S.K.: 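Handing you a structure now.
Indexing begins at 1, ligand by ligand and atom by atom, following the structure's order. Here the structure is a predicted model, which means the values were calculated and not measured.
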Amino acid sequence: MNACIRAVVRTAIYNNLEIAGIMRGYDGMISDDIISLNSESVANIIQRGGTILKSSRSEEFKTKEGRKKAFETIEKHGIDGLICIGGNGTYTGAGIFYEEFGIPAIGVPGTIDNDLFGTDFTIGYDTAINTAMEAIDKIRDTADSHNRVFLVEVMGRDTGFIAIAVGIAGGAEVILVPEDQKDEKKLYQIFTKKKGRKKSFSIIVVAEGEHGGAVTIASKLKKKFPDLDIRTTILGHIQRGGSPSARDRILATRLGVSAVERLVEGGKNECVGMINNKIHFTSFKEAVEKRKPLPDYIMGMIDKLSV
Ligand code: F6P
């Protein structure tokens, strides 16, 4: 997100615009927590995880009164347009705010889950999958030495984008995602087939939103196969931090630059995305309503690799 903020600030300045930073997202808009930004304010942040502007999930912005207060702040500071980095909630809020108060906004997809329609990739996804993959590489050493089965839970409340990427890159035998309700059955079939085979260690990647997560799946697996030595690792928020990958920094920069240019050209009520390496714009409505499916070819490939 910092790489994006840097790109937004510098592109705005390049276009002779004044630019301010709203702290903690919509909460800062409500409580008038606005800072002025210049080129130096965003120096030396491209390599830092998180966001210098901080973040929050604002409950108050969901109310009409909250949004009214936010509009008072916007008016007070003479703000003419917004660039909002976030996911579905951020886009929904920006869309309603435009309808109510006419403040144009361009959304930028920022979530490690990569589950936003209108873009192939979201900011943070690449860094998160690389972090999780490195963790799996380390877990493999114990799995192999001790002949254990490891269930590694990755983030993805409603979706398996992180799980499929991490599972493939980390050489997992099974990947469990919320999108595939039959995958739990496949897991048991694979372990039935595996019985008596020489290699007995396994890495199973589980998306957190899948059938109660890794802990639940581990206890079901143990009941069916009591001889297995099973361990569970929940990677959690380590996936949401750390220095961003080069791919994420480049994506964030391209999206940030394009978001400002679009706003300057009169764009509103839409989000920027990257499809087939080209910049695309999608209305907030479409981005929020449509669900981005997991790529089919990946799902088919997983079955082939677990033989
Ligand atoms: O942003 C989505 C997400 O990364 C989910 O995958 C995860 O469930 C959630 O964030 C965790 O959010 P929090 O930090 O609020 O617990």
S.K.: Which protein non-hydrogen atom lies closest to atom 5 (C) of ligand 1, naming both residue and atom, and how far is it?
M.R.: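 Closest protein heavy atom to atom 5 (C) of ligand 1: Asp113 OD2, 3.3 Å.
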
S.K.: Heavy atom under 4.0 Å from ligand 1: found in Ile162's side chain, backbone, both, or neither?
M.R.: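 For Ile162, no heavy atom sits under 4.0 Å from ligand 1.
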
S.K.: Whether Asp113 and Arg157 form a salt bridge (side-chain N of Lys/Arg under 4.0 Å from carboxylate O of Asp/Glu) is what I want to check.
M.R.: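 Looking at Asp113 together with Arg157, the answer is no, because their closest N to O distance does not fall below 4.0 Å.
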
S.K.: Heavy atoms only: which of Arg240, Met155, Arg157 lies closest to atom 10 (O) of ligand 1?
M.R.: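 Going through Arg240, Met155, Arg157 one by one, Arg240 has the nearest heavy atom to atom 10 (O) of ligand 1.
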
S.K.: Would Glu270 and Ser283 count as a side-chain hydrogen bond (donor to acceptor under 3.5 Å, both in side chains) here? Give the steps.
M.R.: CA-CA 4 Å; Glu270 57 190 346; Ser283 71; over 6 Å; no

S.K.: Below 4.0 angstrom from a heavy atom of Ile112, which ligand 1 atoms are there? Numbered from 1 as shown, please.
M.R.: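 Those atoms are 4 (O).
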
S.K.: For ligand 1, which atoms have a heavy atom of His237 less than 4.0 angstrom away?
M.R.: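 The list of qualifying atoms is 13 (P), 14 (O), 16 (O).
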
S.K.: Provide, to 0.1 Å, the distance between atom 8 (O) of ligand 1 and the closest protein heavy atom, together with that atom's residue and name.
M.R.: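 I find the closest protein heavy atom is Glu208 OE2, 2.5 Å.
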
S.K.: Do Lys69's NZ or CZ and the ring of Phe61 fall within the cation-pi criteria of under 6.0 Å and 45°?
M.R.: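 No, Lys69 does not sit over the ring of Phe61.
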
S.K.: Show your reasoning for whether salt bridge (charged side-chain N to carboxylate O under 4.0 Å, His left out) applies to Glu289 and Lys285.
M.R.: CA-CA 6 Å; Glu289 282 175 6; Lys285 189 171 180 303; 3.2 Å; yes

S.K.: Thr127 and Asn130: side-chain donor and acceptor closer than 3.5 Å?
M.R.: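 Short answer, no.
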
S.K.: Among all protein heavy atoms, pick the one closest to atom 15 (O) of ligand 1 and tell me residue, atom and distance.
M.R.: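 Ranking protein heavy atoms by distance from atom 15 (O) of ligand 1, first comes Arg57 NH2, 3.1 Å.
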
S.K.: With a cut-off of under 6.0 Å to the ring centre and 45° to the axis, is Lys292 in cation-pi contact with Phe117?
M.R.: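 Not satisfied by the 6.0 Å and 45° rule.
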
